[in-house]
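Notes to accompany the following structure.
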Amino acid sequence: MLALLGRGGAAALGRARAACSPALQAARGYARPVTRRRKDIPSQLDDLPPTMLKKDYANLPVMNSVDDVVRRLLSLEMASQKEKMKIKTQQLVEKVRRSPSDNGSFEVQVAVLTARIRMFQEHLQRHPKDKNNKRRMLMDVDKRKKLLGYLRRVRYDTFENTCKQLDIQYSLPPPYTRRVTKRWLVKKAFCIKVYQEAQKLKAAERLKQRERQARARAARGQQGQEKLAQEKQTQEGQKLAQEKPAQEGTPV
């Protein structure tokens, strides 16, 4: 059959067989670039208009008379995400702050942590393997939970207003329950005994330290008294030395 096809036909048949081989097809499929569609992840910065000025230039009166090009350069259209986060954090803080000069209350700290947590959540949706930012987000979540728990215990109306303004869903921590077993009771008794022995050793060490401090204070006091006595003797000797020439010079 190859003789009938000739040299050109044999080459074409070989190319066809090579093209249809499953190994070559798998290699071509592996080498072909895969185009993945990016998900449209909503961001908390979407509600910021691009014509808004940056935080450092928003309240300057000169900005009303500048050129459109300069205004565009100083707007959020050309700003980085860090500068946008400053404005978003300021907006959240303005919702819950007690007064215009309030920059460190519990509500303000919760607002700042909320902006950071949402930024980390958006980042982790795009990069789920970023363990460092995930750890930072969990630390901020724990810190915010502690602040909210304190507000809930002390000022419940402020806690409700903060959660409502910042759109936070606060869930109560689960009650701590543990199954009591014989092994756990023995371990607990052993830990209590070790703790008591350690407290006894610390108490003895503190007593020795107080005794040393008392002896040092007594020694310093004795040295001070001896010094005062020496100074007093010196002053008396000087007075006697001054009075003696005066008595010798008086006529009889």
Side-chain angles (χ1 to χ4, degrees), residues 37-64 66 70-180:
R37 293 182 59 186
R38 288 191 174 183
K39 298 179 181 179
D40 295 333
I41 301 172
S43 174
Q44 62 172 344
L45 306 177
D46 293 340
D47 59 343
L48 296 177
T51 56
M52 182 184 292
L53 295 175
K54 298 178 185 178
K55 183 181 178 182
D56 299 333
Y57 309 103
N59 299 324
L60 294 179
V62 188
M63 298 305 300
N64 298 325
V66 297
V70 178
R71 190 177 182 86
R72 185 181 176 188
L73 289 173
L74 300 179
S75 64
L76 295 183
E77 185 181 357
M78 304 292 180
S80 62
Q81 186 168 355
K82 184 178 180 180
E83 294 169 338
K84 294 179 182 179
M85 277 299 302
K86 287 182 180 179
I87 295 179
K88 175 53 67 175
T89 305
Q90 187 180 10
Q91 287 181 356
L92 295 180
V93 167
E94 290 292 339
K95 291 181 180 180
V96 297
R97 66 177 11 168
R98 304 176 187 175
S99 62
S101 60
D102 180 18
N103 293 320
S105 62
F106 287 97
E107 303 93 293
V108 172
Q109 295 180 40
V110 169
V112 174
L113 289 173
T114 301
R116 282 173 52 86
I117 289 168
R118 290 173 181 171
M119 179 191 69
F120 284 134
Q121 287 175 348
E122 296 165 8
H123 176 78
L124 290 173
Q125 286 180 357
R126 296 184 178 88
H127 310 283
K129 295 185 179 181
D130 193 348
K131 302 299 174 82
N132 189 15
N133 283 326
K134 186 176 182 180
R135 176 175 169 272
R136 293 181 182 180
M137 184 190 71
L138 294 177
M139 290 171 63
D140 289 342
V141 168
D142 291 340
K143 193 181 297 184
R144 186 180 69 174
K145 190 178 293 184
K146 290 179 182 179
L147 294 174
L148 288 174
Y150 176 79
L151 278 177
R152 188 175 181 273
R153 291 193 307 269
V154 178
R155 302 176 62 186
Y156 191 79
D157 53 346
T158 308
F159 163 76
E160 281 190 337
N161 182 45
T162 304
C163 292
K164 182 179 178 181
Q165 294 293 334
L166 300 178
D167 194 14
I168 299 174
Q169 294 181 357
Y170 180 79
S171 58
L172 292 174
Y176 179 77
T177 56
R178 182 166 187 156
R179 184 183 174 187
V180 179

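Side chains included, hydrogens not; waters and symmetry mates left out as well; all remaining heavy atoms used.
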In this structure, are over 12 heavy atoms from other groups packed under 6.0 Å from [X] atom [atom1]?
X	atom1	result
Lys145	NZ	no
Gln81	CD	no
Met52	CE	yes
Tyr150	OH	no

With a 4.5 Å limit on heavy-atom distance, are the side chains of [X] and [Y] in contact?
X	Y	result
Arg97	Asn103	yes
Val108	Arg98	no
Leu92	Glu94	no

Roughly how far, to the nearest 0.5 Å, is [atom2] of [Y] from [atom1] of [X]?
X	Y	atom1	atom2	value
Phe120	Met139	CZ	CE	9.5 Å
Arg116	Asp140	CZ	CG	4.5 Å
Met137	Asp142	CE	CG	10.0 Å
Ser43	Arg118	OG	CZ	11.0 Å
His127	Asn132	NE2	CG	13.5 Å
Leu76	Thr51	CG	OG1	8.0 Å

| message | Under a 3.5 Å cutoff, is there a donor and acceptor pairing between the side chains of Glu107 and Thr162? | response | no
| query | Do Thr158 and Asn161 have side-chain N/O donor and acceptor atoms under 3.5 Å apart? | reply | no
Shortest non-hydrogen contact from [X] to [Y]?
X	Y	result
Leu172	Arg152	CD2-CZ, 3.4 Å
Cys163	Leu148	SG-CD2, 4.3 Å
Lys88	Gln44	CE-O, 3.0 Å
Lys84	Leu48	O-CD1, 3.7 Å
Leu166	Val110	CD1-CG1, 3.9 Å
Lys134	Leu124	CA-CD1, 3.8 Å

| field | Flag, side chain of Glu122 to backbone of Met119, donor-acceptor distance under 3.5 Å | value | no
| Expected output: side-chain Asp102 to main-chain Ser105 donor-acceptor under 3.5 Å | yes
| Test side chain to side chain contact (heavy atoms under 4.5 Å, CB included) applied to Lys143 and Val141, step by step | CA-CA 5 Å; Lys143 193 181 297 184; Val141 168; over 6 Å; no
| query | side chain to side chain contact (heavy atoms under 4.5 Å, CB included) between Gln121 and Ile117: does it pass, once the steps are laid out? | reply | CA-CA 6 Å; Gln121 287 175 348; Ile117 289 168; 3.7 Å; yes
